[in-house]
Every structure is written in structure tokens, then in C-alpha cells.
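See below for the structure under consideration.
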Amino acid sequence: MASLPLSCSSITPTTTTTRTFVTAPPGLSAHNATRTRRFNLSCKAKNGGDEQRETLGNEETFQGKFDRRNLLVGMGGLYGAANLVSAESSPAFASPISAPDLSKCTRGTNLNTQQPLDVNCCPPLSQKIIDYKLPPITKMRFRPAAHLASQEYIAKYEKAVELMKALPEDDPRSFMQQANVHCAYCNLTYEQTGDPSMRLQIHNSWHFFPWHRWYLYFYERILGKLIDDPTFGLPFWNWDNPPGMVMPNMFVKKDSPLFNPRRNQDHLPPAATDLNYAGKPTTDPSKIIPNNLTEMYSEMVRNVSTLEDFYGAKYVTGDKPDPGPGTVERGSHTALHVWVGQATPSGEDMGNFYSAGREPLFFSHHANVDRLWSIWRGLRGPKPKDFPESDWLNANFLFYDENAQLVRVKVADTLENQKMGFVWQEVDLPWLNNRPTARVKKSKVATTTAAPKATETVFPVKLDKVVKVLVDRPKKSRSKKDKEKEEELLVIDGIEVDTAKFVRFEVYINDEDDKADEIIDKAEYAGCYSQVPHKNSTKVKSKIRLGLTELLEDLDVEDDDKILVSLVPRAGGEDITIGGIKIIYAS
Ligand code: C2O
């Protein structure tokens, strides 16, 4: 650890250290300046003894309290079926997604073929569930950038994973059981508690960031416990920063427990990670890095004015899975899942949800996703960072902790990484100020093109070819004040895809060039939709929203009354149907 510049693990008890984590770069435009804030990282340590067991209180007992979670989450008939029925039928119970009943986990079905899946990822059962309380922080865990990690750190991490792989198969902390946690929550194997007609899926919704934070949290604590190091933190794959835009070396050494043979062999170092990966090599490899930085800017700055756009769409009990992913999830996150996995249709391990957790690199990929969440919250300044709704905050999940105890955790406890006891190494954010420029400014394309109007296009439309539509803007020539108050959003609705397939399309504004894929680093690029395949295939309907306010400024077409939208299929277009397109204004 000696080579790392920031090590909260070295902080002595009762000391508070404050570090500048992100600094607004000089020369920001006024527009960007409002979005870039300085924020501080505080590593606070308290005196404290053995951090674990004594802090986990509230062992669950049924005391006649009519709490739906207590009724439904428990194992089998532990709490009595009679109560269960009345609890479910009462509309008075809150609707947040609630921890699944593990005893009702099923292998799952391919909903297209009605055949059972050839994978079983149900977890071991436990006799009791504990409501998890975040333990007091005695020492901060430190998550280094994978490409900067010291030999000493790598040796420790390898040892920890080796020990995890050596645990008995039925130990919920073993490597395969941990991999199966992802499979079970992501492959429609659980029924939704409160609505057994619906299956549980935590992706493509507002639970994407919180659920994965908990998943990594326990994985990290299990590893730390195995090597008896309470400061151990997972390395993050710093793919948003050019020095990190390659598969980290520690994962490609053949004799390492971090190695995995099931990867796309064309993407081993020195291949550059492609955050816009569409299943084939980029036409112009020299554009991968500029494209990556624009993609990051789009996901983290331009397209995330509202909470929903960053986090993903609301998802509560009774909802169908996959209501709509946020920018990072559908963008860089999905691209790298598929980029790492084998080039087969099912993409094992990383490129398919059921097997992604078997890839040691998964946890570094998600440690970066997790980090981007904290950075985004820091960039919000005074704007709200979290949904205030209890449907989000009270949503809860089950995990096994480092002591193999089944614990129930809730979204509200994930919001601040420092309260959870971990920080990331400080690195550059080269995308932060990377506002793209227009390929063609003041384009008159929207008024002269022969493309049909959105209102004339027959939706649903299949994306087996590029689809161009003219979309009316309900408001034009908006003032600076209007723009600050409301973001102009392009809503692409009723996106119907087969979840077994990797699909991707990109959206361009006022661009008639069919080489759209080459201009991701230009202002005309509005964003993308993309999904990691699931084994438990089904048809879903999702929605995405793309920010237009800044984009239209960059193209200098704020006064136009319509825009030309190009939907460019890049992978699996014949499996994508679009339900409709419109512009809305939202804050
Ligand atoms: Cu749960 Cu990156 O997927």
C-alpha cells in the first residue's frame, strides 16, 4: 500500500482527514461551472473494538408485528402461511421491492421457449435473517485503481480470492455462491415478495446502483475477513481514464486466481476498452479513446439532469422487470460486460448476467461503476442526489455477510460510501470537461430532410435498419432560465427487446450521415440503449430519456421547431422494436 497516495487505512483512531476528491478544473464555461463542484472526502476513524458481530443487532423474531417483510421474507413456513395471505392482499402495505423469499427461488424458465434453464443459482437457505446495521467505522477500506495497485496489494488480493475459491461449495461466502448471488437477482429466479405473479430483476431500474453496492460491499468484506485485513478494498477498473482503458494486468496472468479463460481473446492487453462496444471492432481504433471520453461525459454530465436519468426508472412491487436503465448502466457498463465476455452469442462469463459473477474482473468493473455513482453525487452540488421516495429508500434485499449470516439490507443505507466504510483512490476525471463540439453547426437538416415526422411514422417500428424521424419540439427558443428549470428530454418509449440477446442502438440528432457510428465524439450523439443478455429470456418494454438542452445549444438549433432523430441499430437491430418518440420537459 505504500505506493498509494491516499490511504485511509493508515489514519489513526479519532483523526479526521479531509481530502479534495474532485476539483473543478479551471476554464469551465458558465454552463458547466454550475455542474462541477468541489467535494471532500472525509476519512473518519473512531476508537472501536472488534467491528463485527456486536454491531449486528435486531435479530429477527416474529412478535406479532404485522410487517409484511417479516411475514414474507422468512424461510418457508416459519412465520405462518395464514398471515401471509392477508398481508399480501392488503393494499395498505408499502410497495418497495422487498427481499425475496429464498425458499421460493426457482431455477427459472426461458420465457420464450418455456424450457427450464440449465443453470441453478439459488442460494443456501438460512434459519434466520438479521436486519443489517452498518457497523461503526474503525478503519476505512481503501479501493485502489487496479492499474496503480502495488505488488504487495495484488498478492493480498490474490490470496483472498484463492481462499474464497477454496471455501466449501455450500458456504454462502464461496466464490461460486457469491457468483450465484448475481445470477439469482438478475435471472428472474425469485418471485417478487408481495406479487408472486411477477419476477424480481434488479437491473434496468433505479435499484441498479444500490443493489450492486451492497453486492460488492459483502464480497469485499468476505475477502477482507479471509485475509484478516479489515482495510481491504476491491481494486477498481479505472476505465473512464485513459491509463485504465485496458484490461488490468493482474487479471490476465494465467496462474493467478484472478484469471479467467472465458474472455474475448481479442480484448486482452493491449486492446483498448471500448465503452461503446457493439459486438464488433470499432471501424477506426484511433477513435476509441476520444469516443470513450465523450461517452463518459454524456453519461455523467450531459444526460443526467434528473435523478431518473442517472439512476434508471422507478421499479416497485408489481412492476414488470426492466422499466428502464440509467445512463451508466445502459452505456459504459453494458459495453464492457459484453466486451470482456467471450465472443459467443451468450458471452460467458462477463457478457451474460447469469455468469457475470464468475468473472473476477466483474467486481473491479462494478467497483468503478460504484465509484462513478459517488462522483456523480458529488457533482450534483445543491441539486437532489437521491430519490426521496420510500419506494426507493425502503427497498430491501438479502445477502450473506462475512460471517455467513443472512442479512436484510436497505437502499437508504447505501447512499454514502464513507458511512459504509470505503473510499476510492483519487484519480483524474478527464471526461469531466469534455463537452463535444458539433460536426455540423446550425444544420438545417431538420427542416429540409425528407424524413417522416414522428407523428406520421408508424410505431412500433423495427430497428432492422436506420430509422429517421422528425420530432416536434413543443417549446423552442428557451431562455437560460427555462433551461435551468427544465431539461428538454427525448423520450424513446416502448423499447421492446428479447432479453436473451445483446442489443445496442445509438441516437443522433440532426445528422444525415449514415456513418453515425464514427461520430460518437461529436455533439450530434445523444446517447445509446444497450443491454447485457440474460439467460432467462423474456420480452421487456423499456424506456430511455436523452438530454437535449445542451446538445441543441452545441448544434446551435435552439430556435428550430423540430429535430431530426436517427436511431442507428448497432447490434441485434432485428430484435429491437421502438414504441414511440417524443420530447418532454422535466426537472
Ligand atoms: Cu448486475 Cu454489471 O451487472
Side-chain angles (χ1 to χ4, degrees), residues 97 100 108 119 121 123 146 177-190 199-220 234-240 247 251 260 262-264 273-275 277 295 299 310-313 315 321-342 346-373 395 397-399 409 411 414 499-500 502-504 528-536 540 542:
I97 287 294
V119 52
C121 45
Q177 293 293 350
Q178 285 294 304
N180 283 346
V181 171
H182 191 261
C183 173
Y185 273 98
C186 314
N187 223 8
L188 308 178
T189 57
Y190 293 130
R199 296 262 149 184
L200 178 59
Q201 164 60 278
I202 53 74
H203 292 91
N204 299 309
S205 80
W206 66 1
H207 291 320
F208 172 73
F209 285 104
W211 185 89
H212 286 86
R213 178 164 281 180
W214 278 124
Y215 182 33
L216 260 60
Y217 174 89
F218 291 113
Y219 187 83
E220 182 172 75
L234 289 164
F236 67 92
W237 181 7
N238 188 201
W239 40 255
D240 56 305
M247 211 179 270
F251 294 94
N260 181 1
R262 288 175 301 280
R263 291 179 184 148
N264 187 323
T273 57
D274 183 353
L275 301 186
Y277 187 60
E295 180 61 31
E299 293 175 12
F310 182 74
Y311 283 104
Y315 177 57
D322 305 281
T327 52
V328 173
E329 180 175 12
R330 68 176 186 258
S332 52
H333 159 260
T334 289
L336 284 197
H337 264 279
V338 179
W339 185 86
V340 172
Q342 286 179 315
S346 43
E348 282 84 359
D349 281 333
M350 185 80 154
N352 201 307
F353 277 149
Y354 88 92
S355 55
R358 302 175 187 179
E359 166 58 83
L361 187 48
F362 172 97
F363 300 91
S364 286
H365 178 42
H366 269 276
N368 201 42
V369 169
D370 202 31
R371 171 181 160 266
L372 292 174
W373 179 17
F397 318 109
L398 295 180
F399 289 93
V409 297
V411 166
T414 59
T499 57
F502 170 53
V503 299
R504 176 180 168 96
C528 70
Y529 174 88
S530 187
Q531 70 158 19
V532 179
H534 315 27
K535 191 136 191 158
N536 204 343
V540 296
S542 292

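Counting starts at 1 for both ligands and their atoms, following the listed order. One is the number of the first residue; the rest follow in order along the sequence.
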With heavy-atom distances below 4.5 Å as the criterion, would you say the side chains of [X] and [Y] are in contact?
| X | Y | result |
| --- | --- | --- |
| His337 | Thr334 | no |
| Tyr529 | Val503 | yes |
| Arg371 | Trp237 | no |

> Which protein N, O or S atoms lie under 2.8 Å from atom 1 (Cu) of ligand 1, given by chain and residue number?
Replying inline: His182 NE2, His203 NE2, His212 NE2

>> Looking at atom 2 (Cu) of ligand 1, is there an N, O or S atom belonging to His365 that lies under 2.8 Å away from it?
In response: no

> Can you name the N/O/S atom of His333 that is nearest atom 2 (Cu) of ligand 1?
Replying inline: NE2

>> Do Trp239 and His365 pair up side chain to side chain, a donor and an acceptor below 3.5 Å, judged on atom types alone?
In response: yes

>> Please determine whether a side-chain nitrogen of the Lys or Arg among Arg358 and Glu348 lies less than 4.0 Å from a carboxylate oxygen of the Asp or Glu.
In response: no

> Can you name the residues that form a salt bridge (charged side-chain N to carboxylate O under 4.0 Å, His left out) with Asp370, not counting sequence neighbours?
Replying inline: Arg143, Arg213

> Do the rings of His182 and Tyr215 sit parallel, tilted or perpendicular, given the 30° and 60° boundaries?
Replying inline: parallel

